[in-house]
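Single-structure report; data block below.
From a predicted model like this one, the values you see are computed outputs, not experimental measurements. In what follows, chains carry the letters A, B, and so on, assigned in the order in which the sequence lines appear, proteins first and then strands, with residues in each chain numbered from 1. Below, each value reflects all heavy atoms present in this structure, side chains not excepted, and no hydrogens, waters or symmetry copies.
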Number of protein chains: 2
Amino acid sequence: MKMSGGVEWAVHCCVVLSEAEGPVPAQRLAEFHGISRTYLAKHLQALSRAGIVSSTEGRVGGYVLTRPADQVSVLDIVLAVDGREQAFRCTEIRQNGPLPASQEVCRQPCGVARVMYAAEQAWRSSLKDVTVADLAASVSVDVGAGTFPALRGWLAGEG
Amino acid sequence: MKMSGGVEWAVHCCVVLSEAEGPVPAQRLAEFHGISRTYLAKHLQALSRAGIVSSTEGRVGGYVLTRPADQVSVLDIVLAVDGREQAFRCTEIRQNGPLPASQEVCRQPCGVARVMYAAEQAWRSSLKDVTVADLAASVSVDVGAGTFPALRGWLAGEG
DNA sequence: GTTAACGCGGATAGGTGATATCCGTGATTC
DNA sequence: GAATCACGGATATCACCTATCCGCGTTAAC
């Protein structure tokens, strides 16, 4: 079981966007994180389709957070980039074999699937409780309050 | 993000084993669930390596649960079949780019990673709370108390 | 002792999805 | 008109899951 590596990129980018003052091009976001520009663009497009991020085309275009940072959960980003499908997919093997479960019984998911779905629900709930604003605050604590001013400086300069 | 399909097979097999009276060959388990015998064997070997299941070689061999069913959690099975690695893998992109985080700061995982790990912990904790015995009980409730006697009959007969 | 059933590990394909890049198009600003 | 940028499609590569087969050692039955 492996999450798409793009999720890490997307979350970090959202934190940067939450501290930026204007639209930030994909080029800039990729350069700042030392990652592939073209591939990051794909994930940013996914964020855009999900409504998490808004894009501005044209010369001074780029990406901006659509909602305030405290209204964007990590779960929103994960679902947008990694997809909304559950990790566990029930194939209903209880309906196979010599003693298959009846159609009546199979109207509700089996016990195995229910356990898996509950666990994923716990996972999603945990991710839903953390916002991009929370992450930005944790960065300030971890690496210092001067980080984001420096970031804004870098984003503005080096044109 | 997708869990290995073998997890579903393995969990169902463990439920069957918890209700069987003796060693059950992979052949039988596969036939009962209507799935590939050779591929299921691979997953059963993983369960065996993890100590969840014990194998008996030879003519009347097969698989038995090593521990009592109420001491085998769903998490045990998932980790054995799907691997123990986390779904989220931090690549430390905060160390890249023009404003890299210092070595000192990076001694602990970044905020993004901490959130992801906490969510996985919630997921694992949820799976850890459910045992094979619980699942067997839910089967009795869902499809009826006569299910396991019928299963034992099928396992014994049709030699 | 021979045979048959069974678990185990390695080797081997095939298929699917993630990763990564490139190009053309359209929009916007200068 | 030129430069910058988002967007979508096409493509190529790669890793991993899925699935099968074979040879080997073990055990019980005949």
Can you tell me the distance, in whole Å, between the CE atom of B:M3 and the P atom of D:dT18? 11 Å

Report the residues that fulfil side chain to side chain donor-acceptor pair (under 3.5 Å) with B:S18, sequence neighbours left out, ordered by chain and then residue number. none

Those residues that, when tested against A:Q45, pass side chain to side chain donor-acceptor pair (under 3.5 Å) (two or more places apart): none

Ignoring backbone atoms, establish whether B:Y39 has a side-chain N or O less than 4.0 Å from OP1 or OP2 of D:dT20. no

In whole angstrom, give the distance that lies between atom CD of B:E85 and atom P of D:dA15. 15 Å

Annotated protein contacts, base or backbone, on nucleotides 1-17 of chain C with a non-hydrogen cut-off under 4.0 Å, one of B, S, - each: ---BBBSBBBB------

Which whole-number value in Å describes the distance from A:I35 CD1 to C:dT19 P? 12 Å

Sequence neighbours excluded, the answer for ring-ring contact (aromatic ring centres under 6.0 Å, His included) partners of A:F148 is none

B:D134: what forms a side chain to side chain donor-acceptor pair (under 3.5 Å) with it, not counting sequence neighbours? B:T131

Parallel, tilted or perpendicular for A:Y39 and A:W9, by the 30°/60° rule? perpendicular

Partners meeting side chain to side chain donor-acceptor pair (under 3.5 Å) with A:S102 (sequence neighbours left out): none

When rounded to whole Å, the CG to C1' distance for the pair B:L40 and D:dT18 reads 13 Å

Just call it for B:T38: base, sugar-phosphate, or nothing, with non-hydrogen atoms closer than 4.0 Å on any strand. base

Distance in angstrom units between B:D82 CG and D:dC16 P, rounded: 13 Å

B:R37 has an atom CZ; how far is it from atom C1' of D:dC22, in whole Å? 12 Å

Could you tell me how far apart A:H43 (NE2) and C:dA20 (C1') are, to the nearest whole angstrom? 9 Å

